A.B. asks: 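Mind having a look at this structure? Questions to follow.
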Amino acid sequence: MATAVCPGSFDPVTLGHVDIVRRASKMFDHVVVAVMTNPEKRPSFTAEERVALLKIALRDIPNVEIDCFNGLLADYTRVKNAAAIVKGLRAVSDFEYEFQMALTNKKLNPDVETVFLTTSAEYMYLSSSIVKQVASFGGDISGFVARETLQQIKERLCKGGAR
């Protein structure tokens, strides 16, 4: 059974994230969506809230597990016995950083491969940062996030963001 880890901050989860996970779920038997905690960032949602939002947004995909971790991704992939890391790429600018991370992860865990999925054209512009910015100015984010998570995300982001 091939397992893939799809890591990210998901602060908040967007339709672009959902698209990448849905496509990965068709390629792998089991996909672990791993909410990363980065001590250098001040997220708008706690790790637990991000996990909860992901569970709602991805609930219709049966072979997906939602988890949370901090530490090295290469170590986490070992714990999950993952064959691959799945990363979405929006633009060439994403590739340089992600390629460097892929090489680092391969050095730290030679048993894991990184698979890059290009973002669907309809989501190429979309990022969690864009969602936060649009919401902070009262803009309509309904086309950016899952309908089932819209209200929770709006309530947080329209109140001024980070906790």
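Everything quoted here is computed from the prediction, not taken from an experiment.
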A.B. asks: So, for I141 and A135, which heavy atoms are closest and what is the spacing to 0.1 Å?
C.D. replies: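 Smallest heavy-atom distance, with atoms named: CG2-N, 3.9 Å.
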
A.B. asks: Contact between L53 and Q152 at the side-chain level, heavy atoms closer than 4.5 Å - yes or no?
C.D. replies: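 A side-chain contact exists here, since the closest heavy-atom pair is under 4.5 Å.
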
A.B. asks: Please answer whether the main-chain N or O of I61 pairs with a side-chain N or O of R22 as donor and acceptor at a distance below 3.5 Å.
C.D. replies: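 Judged by distance alone, no pair lies under 3.5 Å.
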
A.B. asks: Just how far is it from atom CZ of R23 to atom SG of C6, taken to the nearest 0.5 Å?
C.D. replies: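 If we round to the nearest 0.5 Å, R23:CZ and C6:SG are 10.5 Å apart.
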
A.B. asks: Hey, does the Lys NZ or Arg CZ of R156 hover above the aromatic six-ring of F45, less than 6.0 Å from the centre and inside 45° of the axis?
C.D. replies: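 Yes, a cation-pi geometry holds between R156 and F45.
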
A.B. asks: Using 30° and 60° as the class limits, which term best fits the ring planes of Y125 and F144: parallel, tilted or perpendicular?
C.D. replies: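 Rings of Y125 and F144: perpendicular, over 60°.
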
A.B. asks: Do V145 and V21 land in one hydrophobic cluster if side-chain heavy atoms of ILVMFWY residues count as linked below 4.5 Å?
C.D. replies: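 In one cluster with V145: V21, yes.
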
A.B. asks: For residues S128 and D11, is any side-chain donor paired with an opposing acceptor at under 3.5 Å?
C.D. replies: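 Short answer, no.
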
A.B. asks: Tell me whether the count of non-hydrogen atoms from other residues, nucleotides or ligands lying under 6.0 Å of NZ in K106 goes above 12.
C.D. replies: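 Counting neighbours around NZ of K106, more than 12 heavy atoms of other residues, nucleotides or ligands fall under 6.0 Å, so yes.
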
A.B. asks: Quick check on the hydrophobic clustering: are V112 and M101 connected, directly or via other members, by side-chain heavy-atom contacts under 4.5 Å?
C.D. replies: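 V112 does not cluster with M101.
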
A.B. asks: Evaluate whether atom CZ of F116 has more than 12 neighbouring non-hydrogen atoms of other residues, nucleotides or ligands under 6.0 angstrom away.
C.D. replies: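 More than 12 within 6.0 Å, yes.
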
A.B. asks: Could you go step by step and tell me if E113 and I85 meet the side chain to side chain contact (heavy atoms under 4.5 Å, CB included) rule?
C.D. replies: CA-CA 6 Å; E113 297 291 339; I85 297 166; over 6 Å; no

A.B. asks: Where is the tightest heavy-atom contact between K80 and T3, given as atom of each residue plus distance?
C.D. replies: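 For K80 and T3, the tightest heavy-atom pair comes out as O-CG2, 4.0 Å.
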
A.B. asks: Working to the nearest 0.5 Å, report the span between OG of S25 and CG of N63.
C.D. replies: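 Going from OG on S25 over to CG on N63, the span is 5.0 Å.
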
